[in-house]
Amino acid sequence: MSAHYNPEIVELDAQQHWEDARSFEVGEDADKDKFYCLTMFPYPSGKLHMGHVRVFTINDVIARYHRLQGKHVLQPMGWDAFGMPAENAAIQRGIAPAKWTYSNIEDMRGQLKRLGYGYDWTREITTCKPEYYRWEQWLFTRMFEKGLVYRKNSIVNWDPVDQTVLANEQVIDGRGWRSDALVERREIPQWFMKITDYADELLDGLDDLPCWPDSVKAMQRNWIGRSEGVELSFDVVGEEESLTVYTTRPDTLMGVTYMAVAAEHPLAAKAAKTNADVAAFVRECQQTDAQEATLETMEKKGMPLGISAIHPLSGEEVPLWVANFILMSYGTGAVMAVPGHDARDWEFAKQHGLPIKQVIAPADGSTIDIDDAAYLEKGVLVNSGDYDGLDFDAAFNAIADFFEATGRGSRKVNYRLRDWGVSRQRYWGTPIPIIYCDDCGAVAVPEDQLPVILPEDVEITGVGSPLRDMPEFYAVPCPKCGKDARRETDTFDTFVESSWYFARYACPDNDAVMLDDRAAYWAPVDQYTGGIEHAILHLLYARFFQRVMRDEGLTDVSEPFTNLLTQGMVLKDGAKMSKAKGNTVDPQGLIEKYGADTVRLFIMFAAPPEQSLEWSDDGVQGSYRFLKRFWRAVIEHVARGPAGDVDASALNDAQKDLRRKTHQTIAKIGDDIGRRRSFNTAIAAAMELLNAIIRFDDDSDAGRSVKRESLEAVVVMLSPMVPHICHALWRELGHESALIDQRWPEVDKNALQQDLVEMVVQVNGKLRARISVAVDAAQNAIEAQALADENVQRFIDKKEVRKVIVVPGRLVNIVV
RNA sequence: GCCGGGGUGGCGGAACUGGUAGACGCGCCGGACUCAAAAUCCGGUUUUCGAAAGGAAGUGGGGGUUCGAUUCCCCCUCCCGGCACCA
């Protein structure tokens, strides 16, 4: 083998070996300990970017590490192939979305292979193919039969010029990205999945996920937003129907001084008919996009409707307002306002001169001024008639009981989580398997007529969906009565495909059922790796779908992902890489220049996986330099002739030191990768060991055998990160069998033993000396040695020693 | 606005359970090799005072708990992710 490191030769050779040996194709073997190791599959945008390289490398390292631990590892790959970019490419370049997508997949598959990832390509999934999406159409029809899906009106971003529904991303500062027209909120009928039926289970299930990051669990908990409160109704003067509101603070009920409804609320619409100002205000509210962040950050505005509600306890009239920050989609679209004890209500009241009433006082008897700020804590009721003096719990129950007894309200558990709207008015997605019949209503497409195939040969104009202009697609007979009917032309949200693909990798070729026995073998995913940006939506939808599949009898598993790793972004010059900023780094060029191993090594070394990673071309150089040193170290060692096994009983001190370092490093790297997932420190430890090996200049038989043991350990331990060079060096070290089939080295505990240990001596917490003590030294002996130190004495300076703290093996702190 | 995360040398980062701040790498400085350069190798590198020994300061800012805080608590600030139609 060449004395010179040539990454291209080394890498293509290793990849050829893995392909010939089918190293990564796995079947189901009940006797083996399975490990299902998965990344969030990519959208086939055309070219791999550094974010992809990062997440796939992290996962490949974990997969290869577990394989070295003797696990039966499955690492599949596929394509999240439906979505907007394909339509945009079609508009801009006139290529049909399907053609563009399939060509991108070809390119990206080639790039993935060049990076040496250990995928079982026989299980590849492409979501835009009918053999994949037919099963989510089928599951949807099952959900339809069970009442788990329904149709209702909901708000979309409407571009009045392009006559098109816009994605939030296509709304820039409230205007359509292509037309520049002010976006309007518009209500259209859409399909929803009842994820709220599973709200409690999705919430409680988080407790069964000890290996998920706490931050992700916290975000999901807050997103589900379970709260316990009371739903109660206020009569409205001159209206038959009362106004229902939900509150988690019924104890503040006597502090209600006004009420507010959303612009889309029926009462606002009714007032608008007779009040031009209200009509104008409601119109103004609708001249904005539908994003929550927009609603929450815009200036809080409101207008009195000229209608009053009757306070259910006091009988007083309170004014009814319409406000731009009330969400029709959350709760009942109406709120009772308690400006004394709610920050937003307080601000709104101040702004519009509405009264502020204190009805809660601090429990400790202190006084507050409700005119300065709302008092948000729970306390004791005041100015609340019969309820005065009660604390939160007592007041909650007394008021809830009162309303339940009078039939005007009830205790209610409420969720922030809303049902999942899955309809998209787009072409490039899975057709929703529904047919509308004038007589039979919405009818699910029968199983024997699935899949509903999306026509791929279409022209995309950017105005509406082409499916709406294709009678050959939408004109169908009603499956129930046979009358002329119309097929649904909306498609699914692409989150539907990504909510179950992980299960389908087990049996991608089964055309009879959605999931089979092989899915039972592989589920759940043992390790799931993906971007933190998916912490809520994708991961929550996938957890929901897993339960829907379970309740359909397709699996016994409730939680799809056992361990979750959320990796950070790749930055350049402190900003996310983007074409617009011109700060992208193309992985392809770097692979050609340095090879895949250098890129993989740098990306794993530059930052811990959860943190954002700052790209550095100089850092890549450094990784390349390290691999060259690594190569040379092994080649030079081998060139000096054979080395036998280590005889641990016949080593000198320097040989013992290198052996100790070797076995300490084996323990550290195993812990860093296996438990801590701290790949950057694992690589640092390997670098340190290699530095020690190179410095170790001992050509005796014993010296060479110790060195060989160390080098072999480094080769095996670095192989998850840089598999190609390690494959070659393992051969170089004289092994017949391939590295991919080896096991992780074992720690020799005897090699770890040492006689002396360095301890730090502090005086009043400040470092003053280092002492070398016997490992088994008694505490008072250590104290005596520390006190005897010259510099320590200087700082004690004849002051009285009040206390000595000894932390065995670490430090002595002398307090004077 | 709300929820979650982050801020440590010139730079990326390390310090895992409250116990040596700056491992490892980059960059830079000096040296070796070379006609020269690249590559490679050796040494140095938080700031500051000092010839040195050895001090002082220091982990976004302010306060607190502790013998001891990058680590725990409170307040503030800046940056990043998510907010339901980007994926």
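Proteins get letters first, then strands, A, B, ... in listed order; numbering begins at 1 in each.
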Can you tell me, in whole Å, how much space there is between the [atom1] of [N] and that of [M]?
N: U59(B); M: G54(B); atom1: P; value: 24 Å
N: C24(B); M: U46(B); atom1: P; value: 12 Å
N: G18(B); M: U71(B); atom1: C1'; value: 7 Å
N: G10(B); M: U45(B); atom1: P; value: 15 Å

Residue matched to [N] through Watson-Crick or wobble contacts both under 3.5 angstrom:
N: G4(B); result: C80(B)
N: A69(B); result: none
N: A57(B); result: U46(B)

> How does protein contact run along nucleotides 20-33 of chain B, one letter per nucleotide 5' to 3', with B for base contact, S for sugar-phosphate only, - for none, heavy atoms under 4.0 Å?
Replying inline: B--BBSSS------

My understanding is that only residues two or more places apart in sequence, or in another chain, count here; which of them pass ring-ring contact (aromatic ring centres under 6.0 Å, His included) with [X]?
X: Phe696(A); answer: none
X: Tyr501(A); answer: Phe41(A), Tyr505(A)
X: His534(A); answer: His538(A)
X: Tyr43(A); answer: none

>> Side chain of Pro608(A), heavy atoms from C-beta onward: which of A14(B), A84(B), G19(B) has the nearest atom to it?
In response: A14(B)

> For Ser678(A), which contact category applies under a 4.0 Å heavy-atom criterion: base, sugar-phosphate, or nothing?
Replying inline: nothing

>> Once you apply a heavy-atom cut-off of 4.0 Å, does Arg344(A) come out as touching a base, just sugar-phosphate, or nothing?
In response: nothing

>> Could you work out, with side-chain contact (heavy atoms from CB on, under 4.5 Å) as the rule, every residue matching Pro97(A), not counting sequence neighbours?
In response: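 In terms of side-chain contact (heavy atoms from CB on, under 4.5 Å), with neighbours along the sequence ignored, Pro97(A) is linked to Ala86(A), Ala90(A), Tyr427(A), Trp428(A), Ile460(A).
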
> Does G55(B) have OP1 or OP2 sitting under 4.0 Å from an N or O in the side chain of Asn791(A)?
Replying inline: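 Yes, Asn791(A) has a side-chain N/O under 4.0 Å of OP1/OP2 on G55(B).
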
>> Is there a side-chain contact between Arg768(A) and the phosphate of A56(B), meaning an N or O under 4.0 Å from OP1 or OP2?
In response: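 Yes, such a contact exists.
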
> Judged by atom type as modelled, is there a donor-acceptor pair below 3.5 Å linking the side chain of Asn157(A) to the main-chain atoms of Asp289(A)?
Replying inline: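 No, Asn157(A) side chain to Asp289(A) backbone: no donor-acceptor pair under 3.5 Å.
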
> So, does the side chain of Asn813(A) form a donor-acceptor pair with the base of C67(B) at under 3.5 Å?
Replying inline: yes

